Amino acid sequence: MLRTHTCGELRADNIDDTVTLCGWVDSTRDHGGAVFVDLRDRYGKTQVVFGPESGLVEEASALRSEDVIKVIGSIAARPEGTVNEKIDTGAVELRTSELEVLNKSKTPPFTPSQQELPGEDLRLKYRYLDLRRQQMQDTLVLRSKIVNTMRQYFDENDFIDVETPILGRSTPEGARDYLVPSRVHHKHFYALPQSPQLYKQIMMVAGYDRYVQVARCFRDEDLRADRQPEFTQLDLEMSFVDADDVIGMIDGLVQRMAKEVLDLDVQLPLPRMTYDEAMERFGHDAPDLRFGMELINCSDIAEKVEFRVFSGAVSNGGVVRGIKADGVAADFSRKRIDELTEWVKQDFGAKGLAWFRVEEDGSLWSPISKNFSDEELAAIAERMGANVGDIMFFIADSWEVSCKALAALRKRLGAELSLYDPATMNFSWVIEFPMFEFDEEEQRWNAMHHPFTAPREQDMPMFETEPHSMRAIAYDLVINGSEAGGGTIRIHDSAIQSKVFELLGIDAETARDRFGFLLDALQYGAPPHGGIALGIDRWVMLFGGLENIRDCIAFPKTQKAADLMTEAPGGVDKRQLRELGIKTVDE
RNA sequence: GGGGCCGUAGCUCAAUUGGUUAGAGUACCGGACUGUCGAUCCGGUGGUUGCGGGUUCGAGUCCCGUCGGCCUCGCCA
């Protein structure tokens, strides 16, 4: 080692020690006769002093931000009154006797310690500088801790870590695949895995009854603040289990993670709610349970009123549902309400946003209140549990639109009105998801999770009669209103698998073509099995209190899926394309 | 593919809402200074206002297009 200590470990105990430190120049304070340098590495900062006796003042005054240097000197207590309480090494300083500039830095576009964060494009272009920032280091350390804790936990529980292929085969279902052309087989392509789903089921057939993997997954879809084209899952699968076993295993992980990472005691079992209840009460399959403001269904009252917007929505098979914000009516100007209205219209296709304010006398006021009788207004107020000063928002629309719009409104108001402490952590399960959802555009059924998800035993007779009512043995882990993981018990019976394929419109030939290897495997002694995948990037976001998935990943992509540092994706040589049998087209 | 916000000195921002020579802090360069820790003080360099077009006597400001970053709807079994 070029150094004897790190920049974060020297204390009063080290006084009079001769030490060698290496690191980056964080800042310099040049007093002419003496120069002070804060030397930084990932462990901390240490003040390095170049006094006149060192003979190094001239060299030291030429040091600039991010130069990499090595210094040798003795540790001394700082003079009375010059102790720096802000840093752990603030009681001591290094009196330099030798200075070696290991590498001079160009003037950086920004420095890791500057108070104002530069624009994100610049941070991504110079990611190596951005990663020197304390906050990025803390996050990557947190991420490492989370992954290590997971690995350790599953190792203790007899899981076997198995790597599955990155080069796989495209399956048209689900997200868009990233494709990799084959040089050997022209016109044929590998697909990068959206998840190791099929492989892990094969591992169960192979008798490795507890599989786990930290798996990179790829989906070529548009990005969001919490979505990257490549992301990491903690993927696991277990044999001879039911949903309770998988949920229980993850419960234990959550408890341990909360304790080790946040020193938080979590009571088990984690609460569970059905999908139907979540949609009814919160309009979302991953409700944030840190605050109330639940959705309240007023359809039965609304269907009888004169006001066509309300009654018409119900008679057309829709609903009228609302949420209530307690005691903050005065905070909602017409302008603010108009903004919310525009938002639910633009983003969720709502036809409008009705609202009522509870006046001092307890009556409801609204631009539309003249369309309601006093009795009807009273009924709404009673159903909503309205009190003086409350404001209520209603969506009169299809069930789906009411869910989307109100869930989004609830989430937004919850944050804007500070209805919860952002530092709180809430863990829960949402279970019994629908097996199928109907694709209106293509007029066919889709698997809500994937086509290998097992239906509940009692729902089997509904294949022919009401597939929309069938519920899957599925479970999503929800943390603070985010889906932090999801899994299912799989079908291990080929007769049931056939019925699912049939309903999904996948004929036997197509099924063979796409999943033949899995169907074959399931016929050679497949144990009952199921599993789950946890979104590691999101766990880091949630445990780190971060708003942005890019801050959880060392080298993330922009919204257009580009890497600003490497400038990927990039063009390739004609020769490379020729070898692959690929021609590009101009638009 | 749709909606929205943003782009001015290396960086973070301002520019009296279309009006004189585009400013400040910081960084950088030079000078002074032996106890600072956001060092201080003095001086200085630094601009195709993302790019292209248009409107206008006049555009950083308005309009159109385009590139890039972010948020979002669709999409993400």
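What you are looking at is a predicted structure, and each value in this text was computed from that prediction instead of being measured. Proteins get letters first, then strands, A, B, ... in listed order; numbering begins at 1 in each. What you see below is based on every heavy atom in this structure, not just the backbone, and it leaves out hydrogens, waters and symmetry mates.
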Could you tell me how far apart [X] ([atom1]) and [N] ([atom2]) are, to the nearest whole angstrom?
{"X": "L122(A)", "N": "U8(B)", "atom1": "CG", "atom2": "C1'", "answer": "15 Å"}
{"X": "E116(A)", "N": "U26(B)", "atom1": "CD", "atom2": "C1'", "answer": "7 Å"}
{"X": "L117(A)", "N": "U12(B)", "atom1": "CG", "atom2": "P", "answer": "9 Å"}
{"X": "R133(A)", "N": "C11(B)", "atom1": "CZ", "atom2": "P", "answer": "16 Å"}
{"X": "E339(A)", "N": "C5(B)", "atom1": "CD", "atom2": "P", "answer": "12 Å"}
{"X": "F110(A)", "N": "A9(B)", "atom1": "CZ", "atom2": "C1'", "answer": "18 Å"}

Using a 4.5 Å cut-off on heavy atoms from C-beta on, say whether the side chain of L564(A) contacts that of D121(A). yes

Nearest-Å distance once atom [atom1] is located in both [N] and [M]:
{"N": "C29(B)", "M": "A39(B)", "atom1": "P", "value": "15 Å"}
{"N": "G50(B)", "M": "C11(B)", "atom1": "P", "value": "12 Å"}
{"N": "U8(B)", "M": "A22(B)", "atom1": "C1'", "value": "8 Å"}
{"N": "A24(B)", "M": "C42(B)", "atom1": "P", "value": "14 Å"}
{"N": "A15(B)", "M": "U61(B)", "atom1": "C1'", "value": "10 Å"}
{"N": "A9(B)", "M": "G47(B)", "atom1": "C1'", "value": "6 Å"}
{"N": "G58(B)", "M": "C62(B)", "atom1": "C1'", "value": "13 Å"}
{"N": "U20(B)", "M": "C57(B)", "atom1": "C1'", "value": "14 Å"}

Could you pull out all residues at least two apart from E66(A) that satisfy side chain to side chain donor-acceptor pair (under 3.5 Å)? R40(A), R132(A)

Identify, with sequence neighbours excluded, every residue that meets side chain to side chain donor-acceptor pair (under 3.5 Å) alongside D67(A). K104(A)

According to salt bridge (charged side-chain N to carboxylate O under 4.0 Å, His left out), does anything in residues 109-120 of chain A pair up with another residue at least two apart or in another chain? List the pairs. E120(A)-R550(A)

Does anything in [range] pair up under side chain to side chain donor-acceptor pair (under 3.5 Å), and if so which pairs, sequence neighbours excluded?
{"range": "residues 70-91 of chain A", "value": "none"}
{"range": "residues 44-62 of chain A", "value": "D26(A)-K45(A), R29(A)-Q47(A), Q47(A)-E93(A)"}
{"range": "residues 337-351 of chain A", "value": "W343(A)-D347(A), K351(A)-D397(A)"}

When both hydrogen-bonding distances must be under 3.5 Å and the geometry is Watson-Crick or G-U wobble, what is [N] paired with, if anything?
{"N": "G10(B)", "result": "U26(B)"}
{"N": "U40(B)", "result": "A32(B)"}
{"N": "U20(B)", "result": "none"}
{"N": "C5(B)", "result": "G69(B)"}

When you check every protein heavy atom under 4.0 Å of nucleotides 34-40 of chain B, what one-letter string (B, S, -) results, 5' to 3'? BBBBBB-

Under 4.0 Å protein heavy-atom contacts per nucleotide of nucleotides 67-74 of chain B, with B for base, S for backbone only and - for none: -SSBBBBB

Excluding sequence neighbours, so at least two apart, what forms ring pair (Phe, Tyr, Trp, His ring centres under 6.0 Å) with H5(A)? none

Please name the residue in the list H450(A), K200(A), R219(A) that meets the side-chain contact (heavy atoms from CB on, under 4.5 Å) test with S195(A). R219(A)

May I ask you to decide if E509(A)'s main-chain N or O and D507(A)'s side chain share a donor-acceptor pair within less than 3.5 Å? yes

